[in-house]
J.: 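Sending over a structure as structure tokens; questions will come in a sec.
We count ligands from 1, going down the list as the structure has it; atoms in each ligand are counted the same way.
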Amino acid sequence: MRLQFQRESKAPPLPDDLRRRLDDVLEHFPSGVTVHDIDGCIVMANHLAGKLLGRSEDELIGMCADSAGWHLTDENCMPMAPEEYPVHQVLRTGNKVTGRVVGLPPRTGPGSGPGQRTPCWMICNAYPETDDDGKLRGAVVCFTDCTELKEAQQRLLKSEERLRLMLEGSSDAPWDWDLVSGETYYSERWWEMLGYRAGELRLDRATWRRLLHPQDLPHVTAFMADLLVGGRSAYSIELRLRHSDGHYVHVLTRGVVLRDAAGKALRMSGTNTDLTERKQSERRIYELAYFDPLTGLPNRRFLIEELDKTLARHSRSGQYGALLFIDLDNFKLLNDTMGHDVGDMLLRQVAERLRQALRDSDQLARLGGDEFVVVLENLGAGTAEATPHADHVARKILALLGQPYDLPGSPSPRTPSIGITLFDGSAGGIDQLLRQADLAMYRAKADGRNTARFFDPSMQAAAERQAALDKALRDGLAQREFVLYCQPQFDTEGRLIGAEALARWQHGEHGLVSPHEFIGQAEASGLIIPLGQQMLEESCRALARWSGDPLLGRVKLSVNISVRQLRDPGFAASVEALLAASGASADRLCLELTESVFAENMQELIERMQALRAQGICFSLDDFGNGTSSLAYLMRFPLASLKIDRSFVRDAGANSATIVEAIVALARKLKLEVVAEGVEHEDQRDFMVDCGCDALQGYLLGRPVPLPEFEQLYGSGARA
Ligand code: C2E
Ligand code: CA
Ligand code: CA
């Protein structure tokens, strides 16, 4: 291919030899070369120019850059206006253009071959060409294919961008140290994590080390030294770095070590992750697992784990310690009557007082509900020495918790009951200690509350007896060993008007067992509910039988009811069902309750009693005078009669005269009948009649007898 000269030249023609050599050079020149006239049209092009522009050299001649069908783009792939093309720029300005990168989009339409689908990139240099007078007459453009370079650059940019986005999206902070040159890089995020602006501190390989927590310094230094000489490439370690505001940030450092062929470390690179949130949630999980959220005190789990260690310590030292089980008196009542918010307030104040009462070495925990435990350590080498110490602390706690509390309303004074058990290293275990202290606490409650009791083995024996009695009661109930006795009640004229149903346990081995020996335990274990139900069933059946009898048909049967039965929301319905099933008349049935109903959620019980009262059933208040009845309470309950406590009848005539007269006067006002029970002697009977009692019951008039015997004795059959 020869260069095509289409223009006149004033210069003398080149010698043929030189011209050939120039042609050769251009032909093999590694760039495309086009020569343009003053209008931008190509007047000459070399072989590579044709190849790069996708035309033959002949086709190129006469083509103008803007009309040639190729549309150049700039470096960023944006279409260029034709006047921006290097050749036009030179022709417009007369200045050369160097190193301009332009894209030549793939050719489409007829004539475009297969092959290139992506733009071809070229780096262009363009020069003005002047005539002998220095007047611009054209331009020369040299362009070299740089597609591969451009693509590589684009790939690099993309990958850098990808990395940048990834790092921006992650909270990790990159860093990089060149161990050979000493060059270091800490990312912006790295500084930010510690509250600094980038580069705010002196920057070198040891920057992080200066910020390291003093406690972490020894083991992190050892770790790093080991890492550099060892063969490991990847590592991670947790450490604490000082924040600009002085606190320490928990950081997880993960990195890789690059080594030469000999294993020598050349470079370390990695990221720091802020563990603050993770540490906080770990802490939160720990607190939830081991602390009581209400009071902030350690919980049962914490106590048990600590006690384990305490016992181990005492077994080494041979010392004695004490475990105090603290239970608030009547807490349930406060919770039920004043609401749980008030209950919670009290528990928080109790916790605070206990905290203040104890030494740092004492352990304090809330077991749950209103139960707290205190563990005192190192009280002495024997029980004789330890006992007074534990007693002293218990008294201090009693005094402190007995002080008035800051609670809404005017709640009655609050007191605790405390059970104490001493232990040494040979103690049987945590469960056993807690059980012992719990038993002692129950003894404190039984002894009138607001007091402390030490555990002694007889309590354990009593607890075991109770457990055995419980089992026997259950068996007895299943085998229907409980039978009904009846004791008659008379009016002042001596006419039979009623009877009290009393339970007896016809025990297979022990014979007839008195209620004094089982009612208490049945109450405590809840077995009083099925037992009471059996007694009610029997009573209703008896009433139904009696209804046809001219004498017994007038008799009211009084059945003792535990407050635990009355607490059952289904109680009224179950009594109704019993009456219906037996055919007994409701107005012959009387239920006897003790004053313990006053210590309950009264409104609920009153409503339940009113439902029963509406059916015709009446209520009698048993053992009146020995408990805590207040006049206000008496008026709220739908009662029909009061049974004067036996102690007043026994002391008849002496000090109790005034009391009995007052009770009778009160009953009159409240329109309640008065029953005197436990009448054993004639003078007692006369006294009670004189005082104005309406009915009498007692051994003098008739002992409790088995139901069949009662029916024989007092039914009309007896007369026949
Ligand atoms: P209570 O309800 O006060 O029953 C009266 C108790 O006094 C009965 O004792 C009766 O036998 C006794 N008693 C009657 N007259 C005299 C007397 O002249 N002198 C003396 N010293 N005692 C007299 P009992 O049957 O041993 O019952 C004792 C307690 O057991 C009852 O006291 C009652 O609280 C309870 N109880 C008995 N049966 C039941 C029952 O079915 N359910 C419930 N929840 N408690 C019952
Ligand atoms: Ca009774
Ligand atoms: Ca009684």
J.: Please determine whether a side-chain nitrogen of the Lys or Arg among Glu537 and Arg480 lies less than 4.0 Å from a carboxylate oxygen of the Asp or Glu.
T.: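 A salt bridge is present here (some side-chain N lies under 4.0 Å from a carboxylate O).
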J.: Taking the Ca ion (ligand 2) as the vertex, what is the angle from OE2 of Glu500 to OD1 of Asn560, given to 10 degrees?
T.: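 Taking the Ca ion (ligand 2) as the apex, the two atoms subtend 90°.
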J.: For the 3.5 Å polar cut-off, considering only N or O atoms, please tell me whether Pro515 and ligand 1 meet it.
T.: no
J.: Under a 3.5 Å cutoff, is there a donor and acceptor pairing between the side chains of Ser641 and Glu673?
T.: no
J.: Do you see a protein non-hydrogen atom under 4.0 Å from atom 26 (O) of ligand 1?
T.: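 Yes, there is a protein heavy atom closer to it than 4.0 Å.
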J.: For the pair Asp336 and Lys332, find out whether any cationic side-chain nitrogen is under 4.0 Å from an anionic carboxylate oxygen.
T.: yes
J.: With ring pair (Phe, Tyr, Trp, His ring centres under 6.0 Å) as the test, would you mind laying out the steps for Phe637 and Phe619 before giving the verdict?
T.: CA-CA 9 Å; Phe637 282 79; Phe619 288 94; 8.9 Å; no
J.: I want to confirm something. Looking only at heavy atoms, which of Gln697, Glu680, Arg650 is nearest to atom 19 (N) of ligand 1?
T.: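 Looking at heavy atoms only, the winner is Glu680.
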J.: Which of the N/O/S atoms in Glu677 sits closest to the Ca ion (ligand 3)?
T.: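 Result: OE2.
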J.: Is Val559 touching ligand 1 with its side chain, its backbone, both, or neither, if touching means heavy atoms under 4.0 Å apart?
T.: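 Answer for Val559: neither.
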J.: Going by an N to O cut-off under 4.0 Å, is there a salt bridge joining Arg453 and Asp447?
T.: yes
J.: Could you verify whether a donor N or O on one side chain and an acceptor N or O on the other, from Glu500 and Gln697, lie under 3.5 Å apart?
T.: yes
J.: Any donor-acceptor pair under 3.5 Å linking the side-chain atoms of Ser547 with those of Arg545?
T.: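 Short answer, no.
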J.: Under 4.0 angstrom from ligand 1, any heavy atom of Glu500?
T.: yes
J.: Answer with yes or no whether the side chains of Asp587 and Gln615 bring together a donor and an acceptor at under 3.5 Å.
T.: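 No, no side-chain donor-acceptor pair sits under 3.5 Å.
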J.: Should you measure from each heavy atom of Val679, which atoms of ligand 1 turn up under 4.0 Å away?
T.: 18 (O)
J.: Heavy-atom contact under 4.0 Å between Gly532 and ligand 1?
T.: no
J.: Compute the minimum heavy-atom distance from His516 to ligand 1 and say whether it is under 4.0 Å.
T.: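 Yes, His516 has a heavy atom closer than 4.0 Å to ligand 1.
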J.: Using a strict 4.0 Å cut-off to heavy atoms of Asp623, name the atoms of ligand 1 that fall inside it.
T.: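 It comes down to these atoms of ligand 1: 3 (O).
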J.: Using a 4.0 Å cut-off to any heavy atom of Pro704, which atoms of ligand 1 qualify?
T.: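 Counting from 1, the qualifying ligand atoms are 11 (O).
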J.: Looking at atom 45 (N) of ligand 1, would you say a protein heavy atom lies below 4.0 Å from it?
T.: yes
J.: Would Thr594 and Asp623 count as a side-chain hydrogen bond (donor to acceptor under 3.5 Å, both in side chains) if you check the C-alpha gap in whole Å, the side-chain angles of each, and the deciding distance to 0.1 Å?
T.: CA-CA 6 Å; Thr594 60; Asp623 306 336; over 6 Å; no
J.: Classify the contact between Leu502 and ligand 1 as side chain, backbone, both or neither, using a heavy-atom distance cut-off of under 4.0 Å.
T.: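 It is both parts that get close, each with some atom under 4.0 Å.
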J.: Can you find a non-hydrogen atom of Arg646 under 4.0 Å from ligand 1?
T.: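 Contact check Arg646 vs ligand 1: positive.
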J.: To check your reading of the model: name the closest protein heavy atom to atom 35 (C) of ligand 1, its residue, and the distance in Å.
T.: Ile519 CG1, 4.0 Å
J.: By number and element, which atoms of ligand 1 are closer than 4.0 Å to a non-hydrogen atom of Gly698?
T.: 15 (N), 18 (O)
J.: Any salt bridge between Arg348 and Glu352, counting N to O under 4.0 Å?
T.: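 No.
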J.: Which is closest to atom 15 (N) of ligand 1 by heavy-atom distance: Gln487, Glu677, His681?
T.: Gln487
J.: Check the side chains of Asp470 and Ser525 for a donor-acceptor pair under 3.5 angstrom, ignoring hydrogens and angles.
T.: yes
J.: Within less than 4.0 angstrom of ligand 1, does Gln565 place any heavy atom?
T.: no
J.: Please note down the angle at the Ca ion (ligand 3) between OD1 of Asp622 and OD1 of Asp623, to the nearest 10°.
T.: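 It is 90°, given to the nearest 10°.
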